[in-house]
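Structure provided below as structure tokens; questions to follow.
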Amino acid sequence: MGHLLEISNLKISTPRGKNLVPLLDKVSLNVPKGQCLGIVGESGCGKSITATSLLQQLPYPLRVTEGTTAFDSFQHGKVDLLTLPSKKMRNIRGREIAMIFQEPMTSLDPIFTIQQQMFEALQFHFPRMSHKEMLDKCLSMLVKVNIPRPEQTLSSYPHQLSGGQLQRIMIAIALMNDPRLLIADEPTTALDVTIQMQILDLMNELKESNDAAVLMITHDLGVIAETSQHVAVFYAGHIVEEAPVMELFHHPQHPYTKGLLKSISSLSGDSNLLYAIPGIVPPGGSWDAHCRFAARCEYASEKCLKDVPALTEVASGHLCRCFLHRQEVEA
Amino acid sequence: MKNYIIRRVLMLIPILLGISIAIFLIMQLIPGDVVSGILGIEETPELRAMWEKKLGIDKPLVTQYFNWISGVVRGDFGESFRTGAKVFPEILWRFSISAELAILACIVAWIIAFPLGILSALKRNSFIDRIVRVAALLGVSVPGFAFATLLILFLALVFGYYPPIKYVSLMQNPLKNLEIMILPAIVLGSSMAGSVMRMTRSSMLEVLRQDFIKAVRAKGAPERITIMRHAFRNASIPIVTLVGMQIGILMGGTVVIEQIFSIPGLGQYLLTGIFQRDFPIVQGTVLFMATIYVIINLLVDILYTYIDPRITYS
């Protein structure tokens with residue numbers, strides 16, 4: 001199957017004094033057409049900057065220092081998103097690649113009505129569209145994302161709506177022009193638990209009907225289980241494990257992934273205590289030349305403190321960055 | 001909204017009453033009075049008594065105040081002690097001059113401040129940003145009279161140009177009027193520009209960090225629309241507050257600058273009134289300035305509701 005997006009050796013750094021401190025270290029990923037790739041990891045491990053770099057929206061003063069991408073654009077052919085001139089980038093944003101953000105409450109401009117902001121998504125790409133056409137399109141999108149009373153919603157301001165409604169509107173805006181790739185950066189994190197499931201169901205449904213690929217960024221393995229076909233686990237700026245979703249949940253190889261799975265609260269679990277991985281993610285700039293997880297790993301041996309393990313295939317389509325995995329496979 | 005405006009206008013009454021009493025008392029504290037100014041060395045007790053009776057300042061303070069304020073309520077601000085001319089028409093005429101100067105100064109300030117403030121925020125920490133920030137600091141910190149003097153000297157010594165001294169009104173000769181007004185407008189405008197530029201820069205930086213800017217760009221927005229329609233409009237609330245206060249102050253006339261460029265504005269009128277202990281002039285002018293200031297603040301508060309729909313008054 002062809003890949004819609006290929007990311008190779010992506011490295012993102014931030015200047016500190018005269019040096020460049022890496023925040024994301026040689027990440028390679030593929031997003032297949034029409035599928036959902038999940039990226040999971042704790043805060044600060046480089047998930048979000050991976051996503052924002054794809055639309056050339058890295059926050060100041062971060063910058064891409066290495067790597068290429070290949071995106072299959074229907075307007076411009078195969079392009080490298082990281083170096084695309086800004087004019088072509090604008091054609092792609094919102095048309096071929098759309099993004100949903102973490103905070104629906106702050107992702108809409110507070111001083112414009114929903115209608116004005118939904119219209120923009122059309123106007124930027126189809127400046128000649130008539131008012132009537134835009135209105136019809138926006139109403140149908142609002143119906144698609146299950147907004148009750150769409151006419152009334154269109155004339156509302158963001159502060160008059162709830163977080164769940166706003167996230168539905170953000171999804172409607174994102175899917176307005178049938179993008180080929182939807183980047184969802186923690187789309188449910190800021191929402192009530194009761195709303196989260198509805199939003200994920202909605203995204204799955206719309207992904208199916210639009211045949212869009214999704215890059216789902218989350219710290220919640222539950223979200224991954226709901227949405228993704230393939231998962232990459234990020235830790236301290238690089239991928240530590242990558243596998244098809246069922247494989248990852250049933251045969252996790254990396255001790256970090258195991259820790260993440262263990263820390264999902266379970267109703268049937270016999271322990272009342274929530275499991276937590278001890279320690280914190282080492283921040284960029286403090287990555288020594290050994291396994292970055294070693295300090296928190298209960299299986300760490302001397303070797304782990306001497307060398308950086310490579311990302312190697314442990315089973316078909318299953319990559320893991322750990323010295324231990326071979327013994328475990330044998331055992 | 002309507003109720004809010006009515007309430008704000010009604011609140012003006014106690015404010016103005018307070019100001020008028022304060023100014024009245026302060027004027028009594030200044031040594032010397034208008035009579036000794038008029039009579040000079042020819043002063044005799046008889047002449048003094050005659051003048052005091054003529055001007056009505058022989059009566060007790062409370063009576064003097066009430067005589068004056070009851071006139072004000074009827075729209076009569078009294079006559080100048082010195083010239084006997086009605087104060088109110090003079091204030092209106094001079095206000096038109098100060099207001100024109102204020103508007104010109106704002107135009108100068110905004111032409112400089114908005115583009116440079118926005119540019120400086122967009123190109124943060126670049127060479128341009130540094131230049132703009134130093135310029136803004138200069139604008140804020142160099143006193144108007146110093147800049148005015150340097151400007152006049154510079155034009156005279158380098159170009160042999162001397163600004164006209166005799167005031168010509170806008171109606172008589174617009175071009176000549178502009179020639180008179182442009183230098184003080186540049187001086188006032190550049191000091192306004194400094195603070196507006198700093199406010200624009202910091203407010204824009206604040207807004208540009210917000211999620212919705214990322215979201216607007218993610219929709220495929222051209223930079224111009226992202227910056228002007230979304231970022232600048234959101235950033236404009238603190239800028240409007242600052243600009244409103246500046247206009248309020250400028251409309252009341254600027255004593256020093258009007259003096260330097262011999263512009264017969266409100267500030268100059270007030271200064272003359274104070275020097276000559278011409279109580280009706282001082283009292284009337286200050287009251288008028290306070291009213292203008294309060295009205296402009298009210299307009300700014302109303303303007304907020306147009307900029308940001310989240311702001312409502314009830």
Side-chain angles (χ1 to χ4, degrees), chain A residues 15 48 51-52 54-61 86-113 116-127 155-160 166 169-170 173-174 176-177 179 182-183 185 190, chain B residues 1 118-130 201-241 300-314:
Chain A
S48 280
T52 44
L54 294 176
L55 285 178
Q56 295 187 6
Q57 290 207 324
L58 278 177
Y60 179 88
S86 57
K87 194 154 188 272
K88 287 186 177 172
M89 188 77 230
R90 283 202 300 274
N91 293 336
I92 287 185
R93 287 179 187 159
R95 179 89 193 274
E96 300 195 47
I97 304 180
M99 192 152 176
I100 302 172
F101 298 88
Q102 180 170 354
E103 290 282 348
M105 301 294 231
T106 56
S107 294
L108 285 154
D109 189 331
I111 63 180
F112 290 95
T113 60
Q116 287 168 313
Q117 305 195 50
M118 289 187 80
F119 273 23
E120 278 189 333
L122 294 167
Q123 283 162 337
F124 293 152
H125 301 287
F126 308 101
S155 58
S156 308
Y157 286 97
H159 70 276
Q160 295 163 327
L166 291 175
I169 290 165
M170 289 307 290
I173 289 176
M176 188 87 80
N177 298 319
L182 180 64
I183 301 174
D185 187 0
Chain B
M1 187 67 170
I118 293 171
L119 190 70
S120 168
L122 292 177
K123 309 257 172 210
R124 171 175 33 170
N125 292 342
S126 67
F127 183 67
I128 297 170
D129 181 29
R130 277 164 225 266
R201 179 181 184 272
S202 65
S203 191
M204 280 295 283
L205 280 179
E206 180 69 31
V207 173
L208 286 171
R209 285 196 297 120
Q210 308 257 327
D211 290 340
F212 68 81
I213 293 295
K214 265 188 280 171
V216 167
R217 287 201 177 116
K219 283 193 278 190
E223 268 313 274
R224 185 176 41 83
I225 289 191
T226 313
I227 301 305
M228 294 315 295
R229 190 194 290 175
H230 292 281
F232 188 61
R233 251 191 85 173
N234 272 281
S236 62
I237 290 229
I239 303 172
V240 166
T241 310
V300 165
D301 285 347
I302 295 169
L303 190 59
Y304 288 157
T305 63
Y306 287 96
I307 299 174
D308 190 340
R310 286 169 300 179
I311 298 174
T312 49
Y313 304 115
S314 46

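Every chain is numbered from 1 and lettered A, B, ... according to where its sequence line falls, protein lines coming before strand lines. From a predicted model like this one, the values you see are computed outputs, not experimental measurements.
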A:I173 versus chain B, the contacting section by heavy-atom distance below 4.5 Å: side chain
Interface moiety of A:M89 toward chain B, non-hydrogen atoms closer than 4.5 Å: neither
B:F212 to A:L108 - nearest heavy-atom pair and separation: CB-C, 3.5 Å
Residue B:L208 versus chain A: region with a heavy atom under 4.5 Å: neither
Top of A:A121, A:P110, A:P59, A:P158 for chain B proximity - count of heavy-atom pairs under 4.5 angstrom: A:P110
Donor-acceptor pairs, chain B vs chain A, cutoff 3.5 Å:
{"from": "B:N125", "atom 1": "ND2", "to": "A:Y60", "atom 2": "OH", "distance (Å)": "3.2"}
{"from": "B:D211", "atom 1": "OD2", "to": "A:T106", "atom 2": "OG1", "distance (Å)": "2.6"}
{"from": "B:F212", "atom 1": "N", "to": "A:T106", "atom 2": "O", "distance (Å)": "3.0"}
{"from": "B:K214", "atom 1": "O", "to": "A:Q57", "atom 2": "NE2", "distance (Å)": "3.2"}
{"from": "B:A218", "atom 1": "O", "to": "A:G94", "atom 2": "N", "distance (Å)": "3.0"}
{"from": "B:K219", "atom 1": "O", "to": "A:H125", "atom 2": "NE2", "distance (Å)": "2.9"}
{"from": "B:K219", "atom 1": "NZ", "to": "A:Q117", "atom 2": "O", "distance (Å)": "2.7"}
{"from": "B:K219", "atom 1": "NZ", "to": "A:E120", "atom 2": "OE1", "distance (Å)": "3.0"}
{"from": "B:R229", "atom 1": "NH1", "to": "A:E120", "atom 2": "OE2", "distance (Å)": "2.6"}
{"from": "B:H230", "atom 1": "ND1", "to": "A:D109", "atom 2": "OD2", "distance (Å)": "2.6"}
{"from": "B:H230", "atom 1": "NE2", "to": "A:E120", "atom 2": "OE1", "distance (Å)": "3.1"}
{"from": "B:H230", "atom 1": "NE2", "to": "A:E120", "atom 2": "OE2", "distance (Å)": "2.6"}
{"from": "B:N234", "atom 1": "ND2", "to": "A:D109", "atom 2": "OD1", "distance (Å)": "2.8"}
{"from": "B:N234", "atom 1": "ND2", "to": "A:D109", "atom 2": "OD2", "distance (Å)": "3.1"}

Residues in side chain to side chain contact (heavy atoms under 4.5 Å, CB included) contact with A:A98, at least two apart in sequence or another chain: A:A174, A:P179, A:L182
